[in-house]
K.L.:
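Attaching a single structure in structure tokens format; questions to follow.
Residue numbers start from 1 in every chain, and the chains themselves are labelled A, B, ... in the order their sequence lines are given, proteins ahead of strands. Nothing here was measured: the structure is a model prediction, and the numbers come from that model.
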Amino acid sequence: MSSHGKNLDFDNFVDEMQWRGFFEQCTNEVGLRKLLTEESVTAYIGFDPTADSLHVGSLLPIMGLVHLQKHGHRPIGIVGGGTAMVGDPSGKTELRQMLTLEKIEENLAGIREQLSHFIKFDEGGHEPGAGLLLNNADWLKDYGYIEFLRDVGRYFSVNQMLARDSVKSRMEKGLSFIEFNYMILQAYDFMVLNRDHGCRLQMGGNDQWGNICSGIDLCRRFNQSEVFGLTFPLLATATGAKMGKTADGAVWLDPKRTTPYDFYQYWVNVDDRDVSRFLRLYTLLSRKDIEELEKLEGADIRQAKKVLAREVTAQVHGREEANRSVKAAEALFSGKADTSSVPSSDRPAVDFEGNGLLLLEALVDCGLMKSKGEARRMIRQNAVRVEGEVVSDEMLSLTTSHIVEGKVALQVGKKRHHHIKVK
RNA sequence: GGGGGGGUUCCCGAGCGGUCAAAGGGAACAGACUGUAAAUCUGUCGUCAGUAGACUACGGAGGUUCGAAUCCUCCCCCCCCCA
């Protein structure tokens, strides 16, 4: 496939994926490379509609589709409205709670919106490389059981299914029949996409390997079509934590769930050892730029982290938000200047009059603390600051004297900030 | 359907009538040290109140006890073996 567009350091998709670290396993690398040079290939990745927002964990597959499209191929995103009703046993230790159809519909809309920041979708036109976003409920939900068994079930060997890692790993903990069927449904998705949209490649996390292989088998049997699979590594941070997890849970792409500032901070605070990997995986910077940044050592690595954070934030929230986050961080960590992007809340001026507002309560209200007990503990540990001053009195009340420039600046630990704006 | 083993605080995992808000580990958070990193050391880690108190917690519902996570009954869920 001829490469067009900007920033192409590699003349084919597979080379780029390998250099960037996306490439974990491929069902037939030689065959796939050949196919990709011969034609514009349609490939798909599935996303789970378990929430109305994607999170950092989904960023990796999203970037996979971005690179695919960049190389002139066509990405399809599948939102598993049908399969979400079943639950994938892969990588899980327990049965997932089931979602209602309505909830899934809602989630779908949110996800579609987010994906559209990354991928150029077909707006009813006929652009060759424009992506598609489909809901597998469209072809799964009205399929009759008997019919499905006869059409699809006949192609599956239980012996083979039992041999899959995703199933084996659940033999101890238990696996319900509904989950056992998941791989069949996913395989069926691949078959439908292959048949109806000419899809030849499925990508996904390495935990999807078994499901992808099942799909490939089904395509061969059902459509007599040769298709391929490519998996991405399952990322963990250098300290072994799951990617995109913090104390407060997942890092979301939705600014209402994770503010752009917190999102930016997540990336700035990445472990030194992860920076290079993440630059390759999560940014679209050129090979040259990334290799320059990888040369940095010691404290200078922070420069690379800032670039990483700025780039990823810009991709998710836009350049403008990214710049605001950069400024806010600089203001807070260097002690001055523009603080307009620091997370904040509003409070009427009367709250500070007279006896004022108990700091304990303010900390809980603004979300910095989960409970007053926790707030007390933090104060005891000298972790709380008001206007930069360490607080030692648990019973301190915030009064008008704490208001500086129309706000009260709260800080917990070194990194968590919140401004109460006085209205 | 029968027999056996289990369900404990964010996770793993002890406890098996009081001394249990529950050992130990992990994660997390804070302090020191630093580079908004890692490692290390120290502290914290149910809620409310505030030094000694109350409340809510050990799958669910009852019960026995002065007193239960610990004993009994019923129910739900999981694993293993047999049919």
K.L.:
Once you measure the plane-to-plane angle for Trp19(A) and Phe10(A), does it fall in the parallel (<30°), tilted (30-60°) or perpendicular (>60°) bin?
P.N.:
tilted

K.L.:
When you compare rU42(B) with rA27(B), how far apart are their P atoms, in angstrom units rounded to a whole number?
P.N.:
15 Å

K.L.:
Between atom CE in Met395(A) and atom C1' in rC48(B), what is the gap in whole Å?
P.N.:
12 Å

K.L.:
Below 3.5 Å between N/O atoms, which protein atoms pair up with nucleotides 54-56 of chain B? Just atom names and distances, please.
P.N.:
none

K.L.:
Send over the distance from Met369(A) CE to rU44(B) P, rounded to a whole Å.
P.N.:
16 Å

K.L.:
In whole angstrom, what separates Asp272(A)'s CG from rU36(B)'s C1'?
P.N.:
11 Å

K.L.:
Under the side-chain hydrogen bond (donor to acceptor under 3.5 Å, both in side chains) criterion, do Ser345(A) and His418(A) qualify, and how do the steps go?
P.N.:
CA-CA 8 Å; Ser345(A) 57; His418(A) 186 95; 2.8 Å; yes

K.L.:
Could you give the distance separating rG15(B) and rA22(B) at their C1' atoms, to the nearest angstrom?
P.N.:
8 Å

K.L.:
With P as the reference atom in both, quote the distance from rC74(B) to rA21(B) in angstrom, rounded to an integer.
P.N.:
30 Å

K.L.:
Taking the six-membered ring where the residue is Trp, are the ring centres of Tyr143(A) and Tyr188(A) under 6.0 Å apart?
P.N.:
yes

K.L.:
Using atom CG of Leu332(A) as one end and atom P of rG35(B) as the other, report the distance to the nearest whole Å.
P.N.:
19 Å

K.L.:
Base, sugar-phosphate alone, or nothing: which one does Gln265(A) contact when heavy atoms must sit under 4.0 Å apart?
P.N.:
base

K.L.:
Consider the side chain of Ser371(A), meaning its heavy atoms from C-beta on, and name the nucleotide among rG50(B), rU47(B), rG35(B) that approaches it most closely.
P.N.:
rU47(B)

K.L.:
When the P atoms of rG59(B) and rA68(B) are compared, how many Å lie between them, rounded to an integer?
P.N.:
15 Å

K.L.:
Between His402(A) and Phe352(A), is the ring pair (Phe, Tyr, Trp, His ring centres under 6.0 Å) condition met? List the steps.
P.N.:
CA-CA 9 Å; His402(A) 294 101; Phe352(A) 299 91; 8.6 Å; no

K.L.:
Going by side-chain hydrogen bond (donor to acceptor under 3.5 Å, both in side chains), Ser53(A) matches just one of Arg257(A), Gln114(A), Glu113(A). Which one?
P.N.:
Gln114(A)

K.L.:
Expressed in angstrom and rounded to an integer, what is the separation of Glu374(A) atom CD from rC10(B) atom C1'?
P.N.:
13 Å

K.L.:
For nucleotides rG43(B) and rG26(B), find the distance between their P atoms and express it as a whole number of Å.
P.N.:
14 Å

K.L.:
Gln411(A) CD to rU36(B) P: how many Å, rounded?
P.N.:
13 Å

K.L.:
What I want to check is whether the side chains of Asp217(A) and Ser214(A) have a donor and an acceptor closer together than 3.5 Å.
P.N.:
no

K.L.:
Between rG50(B) and Arg376(A), is there an OP1 or OP2 to side-chain N/O distance shorter than 4.0 Å?
P.N.:
yes

K.L.:
Tell me which nucleotide, if any, is Watson-Crick or G-U wobble paired with rG43(B) when both distances must be under 3.5 Å.
P.N.:
rC29(B)

K.L.:
Decide yes or no on ring pair (Phe, Tyr, Trp, His ring centres under 6.0 Å) for Phe13(A) and His67(A), but give the supporting numbers first.
P.N.:
CA-CA 7 Å; Phe13(A) 175 66; His67(A) 290 296; 7.6 Å; no

K.L.:
Tabulate protein N/O versus nucleotide N/O from nucleotides 30-33 of chain B, keeping only pairs under 3.5 Å, one per line.
P.N.:
residue, atom, partner, partner atom, Å
rA30(B), OP1, Arg416(A), NH1, 3.4
rA30(B), O2', Gln381(A), O, 3.3
rC33(B), N4, Lys414(A), NZ, 3.2

K.L.:
rA38(B), rU36(B), rG35(B): which one has an atom nearest the side-chain heavy atoms of Asp271(A)?
P.N.:
rA38(B)

K.L.:
OP1, OP2 of rA49(B) versus side-chain N and O of Lys372(A): anything below 4.0 Å?
P.N.:
yes

K.L.:
Would you mind reading off the distance between Lys306(A) atom NZ and rG35(B) atom P, rounded to a whole angstrom?
P.N.:
13 Å

K.L.:
Step through the shown structure and confirm whether more than 12 heavy atoms of other residues, nucleotides or ligands are within 6.0 Å of CD on Gln18(A).
P.N.:
yes

K.L.:
Tell me, yes or no, whether the heavy-atom count around Asn355(A) atom CG, taken from other residues, nucleotides or ligands under 6.0 Å, exceeds 12.
P.N.:
no

K.L.:
State, to 0.1 Å, how close Glu106(A) and Asp52(A) come at their nearest heavy-atom pair, and which atoms those are.
P.N.:
O-CB, 4.5 Å

K.L.:
Tell me the partner of rU73(B), counting only Watson-Crick (N1-N3 plus N6-O4 or O6-N4) or G-U wobble (N1-O2 and O6-N3) with both under 3.5 Å; none if nothing fits.
P.N.:
rA61(B)

K.L.:
Angle class for the Phe278(A)/Tyr282(A) ring planes (parallel below 30°, perpendicular above 60°, tilted otherwise)?
P.N.:
perpendicular

K.L.:
For Asp300(A) and for Gly373(A), locate the closest nucleotide of RNA chain B by heavy-atom distance; then report the residue assigned to the nucleotide nearer the 5' terminus.
P.N.:
Asp300(A)

K.L.:
Quickly work out the Leu360(A) CG to rG50(B) C1' distance and round it to whole Å.
P.N.:
10 Å

K.L.:
What interatomic distance, in whole Å, is found between C1' of rA14(B) and the corresponding atom of rG6(B)?
P.N.:
15 Å

K.L.:
Both Glu394(A) and Arg377(A) contact RNA chain B. Taking the nearest nucleotide for each, which residue is further toward the 5' end?
P.N.:
Arg377(A)

K.L.:
With both distances under 3.5 Å as the test, what is the Watson-Crick or G-U wobble partner of rG53(B)?
P.N.:
rC48(B)

K.L.:
Determine the interatomic distance between C1' on rU9(B) and the same-named atom on rC79(B); round to the nearest Å.
P.N.:
23 Å

K.L.:
Please pick, from rA38(B), rG50(B), rU36(B), the nucleotide with the shortest atom-to-atom distance to any side-chain atom of Arg273(A).
P.N.:
rA38(B)

K.L.:
What is the nucleic acid contact for Lys305(A), judged by heavy atoms within less than 4.0 Å: base, sugar-phosphate only, or nothing?
P.N.:
base

